[in-house]
2 protein chains.
Amino acid sequence: MTSKDKNTELKILKAAKEVFIVKGLEGSRMQEIADTAGINKSLLHYYFRTKDNLFDAVFKDAFFSMIPRIAKMFESDISIFNKIEIFVNDYIDMIVQNQYLPNFIFHETNRNPEKVVFLLKDVGLNPMLIIDIFNEEIKKGNIKPIDPKQLIINIVSMCVFPFVAKPVMKGLFFNNNEKEFKIFIEERKKQVTNFIINAISIK
Amino acid sequence: MTSKDKNTELKILKAAKEVFIVKGLEGSRMQEIADTAGINKSLLHYYFRTKDNLFDAVFKDAFFSMIPRIAKMFESDISIFNKIEIFVNDYIDMIVQNQYLPNFIFHETNRNPEKVVFLLKDVGLNPMLIIDIFNEEIKKGNIKPIDPKQLIINIVSMCVFPFVAKPVMKGLFFNNNEKEFKIFIEERKKQVTNFIINAISIK
DNA sequence: GTCTATATTGTGATAGAC
DNA sequence: GTCTATCACAATATAGAC
């Protein structure tokens, strides 16, 4: 029985992630992944048998690095406004480190929506927990009455969307200047936090 | 000199749009486009020579149906709050009619950012016009001081993002129920409008 | 476990008859 | 202008030597 080399497997996964995340499933070539990993093309098949298998491994990992994080960030014991501030800062920071992640996930989930259902069953992610947190705050009169789902989507939208629309935004607002875009994003953390707080706090 | 049949050309463009918009450039097959148009595969090449040409025609059309609309909607002569309300309603309605449009545009612009620069030069779209409108309102003291670019992104984010993230949202919040998602979006028009107004209006 | 060589299928594109 | 037949190559996948 031949056992697989964990080190090689990780090299492959790392390379596959690099390529898939930028070019997507159908835009990626096994050859390019092999080159990126510095190994032979047929080794990919030895370790993962098919392109789809390799892709699934990468996708699952990417999906879980982005989605459950939302829930985790609201689990601390500080005020709701602080929670929002920390979430906005951390989530934007995370995406800055993984610029292609949002587009990758959304493109692939749209191409293959069934996969999401399957993946979500795997992870112990219950959005009800966050929803309850917001409902509690509303009941206590700390924030305005609002559908928590709508509020959560608002928060996440404003953090993630600029990266999804980055090329269009850069062209429209920043003369395609990467540096200006970066400054905008850095400034955005404060702006979004304040925007949300203004929208939900009781005067 | 053989002249091309306008009717066939439109049939092809319509079919190409259907396929490309859902599957993207690299996920689409010329065969499927031909089948959808009810014609032969080689006719596609007769009319557009290459897949890339056909794609460019479709993409340009899609891009211009989504992006300049943002500017147009702020050109009326009503109050800024009414402008925002109308924009949110109309833009969400437009996307409901073209569910795959946002993902298509963002996926392809990320795959090929240079194309955006080129396209934006073609269209007489000056975001400065909208920015000035907001600056004017701030000066008049009608809304809180805020970077207009950040505000515009906030508004567009909240309208568009739910469709980009639709499969994930449906799985997380709505048990994959399409009807519940639709209700959520319908309700969202009011919610987003109010959210924005609360955030920027002066108390 | 890793490589070279090769099989196999898919897909964009062209030639040529009508 | 539209079709059938075919080319040429790209890309996934497998066989087999080491």
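Residue numbers begin at 1 in each chain, while the letters A, B, ... track the order of the sequences.
With sequence neighbours left out, the ring pair (Phe, Tyr, Trp, His ring centres under 6.0 Å) criterion links B:Y47 to no other residue. For A:E178, the side-chain hydrogen bond (donor to acceptor under 3.5 Å, both in side chains) criterion is met by A:K166, A:K170, not counting sequence neighbours. Residues passing the ring pair (Phe, Tyr, Trp, His ring centres under 6.0 Å) test with A:Y91 are A:F87, sequence neighbours excluded.
Between B:K182 and B:E186 no salt bridge is recorded (no basic side-chain N to carboxylate O distance below 4.0 Å).
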Return all side-chain donor-acceptor pairs below 3.5 angstrom for residues 23-36 of chain A, not counting sequence neighbours, or 'none' if the list is empty.
from	atom 1	to	atom 2	distance (Å)
A:K23	NZ	A:E32	OE1	3.2
A:K23	NZ	A:E32	OE2	3.3
A:E26	OE2	A:R111	NE	3.1
A:E26	OE2	A:R111	NH2	3.0
A:S28	OG	A:G24	O	2.6
A:R29	NH1	A:E26	O	3.4
A:R29	NH2	A:E26	O	3.3
A:Q31	NE2	A:D35	OD1	3.0
A:T36	OG1	A:E32	O	2.7

May I have the list of side-chain donor-acceptor pairs in residues 115-135 of chain B shorter than 3.5 Å, sequence neighbours left out?
from	atom 1	to	atom 2	distance (Å)
B:K115	NZ	B:D56	OD1	3.1
B:D122	OD2	B:K60	NZ	3.1
B:N126	OD1	B:M128	N	3.0

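With rounding to whole Å, A:E32 atom CD is found 15 Å from D:dA10 atom P. Computed from coordinates, the B:E9 CD to D:dT2 C1' distance equals 15 Å when rounded to whole Å. Separating the CG atom of A:D35 from the P atom of D:dA11 is a distance of 12 Å, rounded to the nearest angstrom. Protein atom CG of A:L54 is 16 Å distant from nucleotide atom P of D:dA11, rounded to whole Å. Between the C1' atom of D:dA13 and the CD1 atom of A:I33 lies a distance of 14 Å, rounded to the nearest Å. Summarising the geometry, the separation between CD1 on A:I39 and C1' on C:dT2 is reported as 9 Å, rounded to the nearest angstrom.
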Mark up nucleotides 4-18 of chain C, 5' to 3', with B wherever a protein heavy atom is under 4.0 angstrom from a base atom, S wherever such an atom reaches only the sugar-phosphate, and - elsewhere. B------SBBB----

